[in-house]
Amino acid sequence: MPFTIATWNINSVRLRMPLVQQFLERYRPDVLCLQETKCQDDQFPASAFRKLGYEHMAIHGQKGYHGVATVALRPLELVEKREFCRMGDSRHLSVAVNAGGRRLLLHNFYVPAGGDEPDPIINPKFRHKLDFLTEMHALRAEHDDVSGSILVGDLNIAPLETDVWSHKQLLKVVSHTPVETEGLERLRHEGGWVDLMRQHIPPEEKLFTWWSYRAKDWDVSDRGRRLDHVWASPNLSPSLNRIEVLREARGWDRPSDHVPVIAGFDFD
DNA sequence: ATGGTTGCTAGGCAA
């Protein structure tokens, strides 16, 4: 029984609904997790999703900033909208879906970017990012015979050397500093999560999901980073049959700076 | 060496 889930930092869902529509019509993932929706819940383009067949939605938005939403072709059960760091930010949403006789717990995350200066003493945004990661440590990849967990989203950290265009040049750049990369890997191991993108694509291979708007030619310079992730509990990883990073989406008209990542499973 | 771009919304702030 096939099951596909996609994650995409959309950088304003209202502005980019035409691209989302194009994506959903072409790829038809069972579930799409969006980050940086940048609108309040009553402004979320729910009817446009409904017309596309995505009738089931869980949204956790806020005015102007952040915001996550999970939309699906099949029923979703809202599990939690968790607040991190007592900031009042909308950065997490979890739902449950049934797939191949299993109950899947799906976490959708938008981790703080952390500002420019990688020093928690002088930069409160970086402090917030580190605190957010610390709070995420409580999140375990819950699973048993009939259930599993998937965690997706923009984690704003590129953990491996091959997750950035230049490991050396980015060591002091927020998203690839050792305190972040080691912190993310530690939290993934302690939570019992498997990095599905790197299970499918060898860690030796460069892999990016984000390219800055500021580059003259993002495709030619290719100064990307892997900021978006798909993790799962270990009982789901043998069922993974596909990971696709939709690089071409960065070249679409008025694109997001992130591209969709699609994970395909075949559950028995 | 330190811009460069984009989105939210109406002047910066965040990314």
Side-chain angles (χ1 to χ4, degrees), chain A residues 7-23 33-45 48 59-69 83-92 108-120 122-133 152-159 163-166 168-177 179-181 184 208-229 247-261:
Chain A
T7 181
W8 194 6
N9 178 319
I10 197 62
N11 188 16
S12 175
V13 67
R14 289 176 295 171
L15 189 67
R16 272 180 252 290
M17 200 56 213
L19 295 188
V20 174
Q21 175 167 348
Q22 181 179 324
F23 170 73
C33 295
L34 295 167
Q35 303 86 36
E36 279 206 273
T37 51
K38 291 188 172 178
C39 66
Q40 287 168 318
D41 291 355
D42 59 0
Q43 300 175 311
F44 189 80
I59 51 186
H60 187 194
Q62 78 181 74
K63 185 181 166 71
Y65 298 102
H66 322 314
V68 291
E83 185 188 354
F84 284 77
C85 304
R86 298 171 177 240
M87 295 278 288
D89 287 353
S90 299
R91 296 181 177 276
H92 168 266
N108 180 356
F109 267 100
Y110 176 52
V111 172
D116 287 332
E117 190 57 55
D119 181 345
I122 63 172
N123 176 8
K125 289 204 274 284
F126 197 67
R127 172 81 268 158
H128 177 212
K129 185 177 197 175
L130 299 183
D131 289 345
F132 195 100
L133 290 180
V152 305
D154 177 4
L155 305 185
N156 264 315
I157 296 172
D163 290 337
V164 291
W165 63 276
S166 167
K168 272 190 179 171
Q169 287 181 253
L170 289 174
L171 271 170
K172 291 179 178 170
V173 173
V174 171
S175 74
H176 194 61
T177 65
V179 65
E180 295 170 88
T181 58
L184 190 70
F208 311 143
T209 63
W210 171 90
W211 293 261
S212 170
Y213 283 127
R214 297 175 190 177
K216 280 199 187 85
D217 187 330
W218 71 274
D219 198 17
V220 171
S221 60
D222 200 22
R223 296 186 166 191
R225 306 178 200 169
R226 182 171 72 112
L227 303 180
D228 303 275
H229 297 268
R247 182 185 169 107
E248 65 168 74
R250 186 62 180 78
W252 290 350
D253 189 39
R254 297 206 73 186
S256 169
D257 44 357
H258 295 252
V259 299
V261 181

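Nothing here was measured: the structure is a model prediction, and the numbers come from that model. Below, each value reflects all heavy atoms present in this structure, side chains not excepted, and no hydrogens, waters or symmetry copies. A, B, ... follow the sequence lines: proteins, then strands. Residue 1 opens every chain.
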Subject >> Parallel, tilted or perpendicular: ring planes of A:Y110 versus A:H66, cut at 30 and 60 degrees >> reply: tilted

Original post:
What interatomic distance, in whole Å, is found between P of B:dG7 and the corresponding atom of B:dG3?
Top reply: 22 Å

**OP:** Flag the pair A:W165 / A:F208 as yes when their ring centroid distance falls below 6.0 Å, and as no otherwise.
**Re:** no

Original post:
Base, backbone or nothing for each nucleotide of nucleotides 5-15 of chain B, written B, S, -, heavy atoms under 4.0 angstrom, 5' to 3'?
Top reply: BSSSS----SB

Subject >> Residues A:R16, A:D253; criterion salt bridge (Lys or Arg N to Asp or Glu O under 4.0 Å); working and verdict >> reply: CA-CA 10 Å; A:R16 272 180 252 290; A:D253 189 39; over 6 Å; no

**OP:** Write down the distance separating the C1' atoms in B:dG11 and B:dT6, rounded off to the nearest Å.
**Re:** 16 Å

Subject >> Parallel, tilted or perpendicular, as decided by the 30° and 60° cut-offs, for the rings of A:F132 and A:F109 >> reply: perpendicular

Subject >> Separation between the P atoms of B:dT9 and B:dA15, rounded to whole Å >> reply: 15 Å

Subject >> Side chain A:E248, main chain A:W252, donor-acceptor under 3.5 Å >> reply: no

Original post:
Taking atom P in both B:dA10 and B:dA14, what distance in whole Å separates the two?
Top reply: 15 Å

Original post:
Do you know which of A:N156, A:D154, A:N108, A:N9 makes side chain to side chain donor-acceptor pair (under 3.5 Å) with A:Q35?
Top reply: A:N108

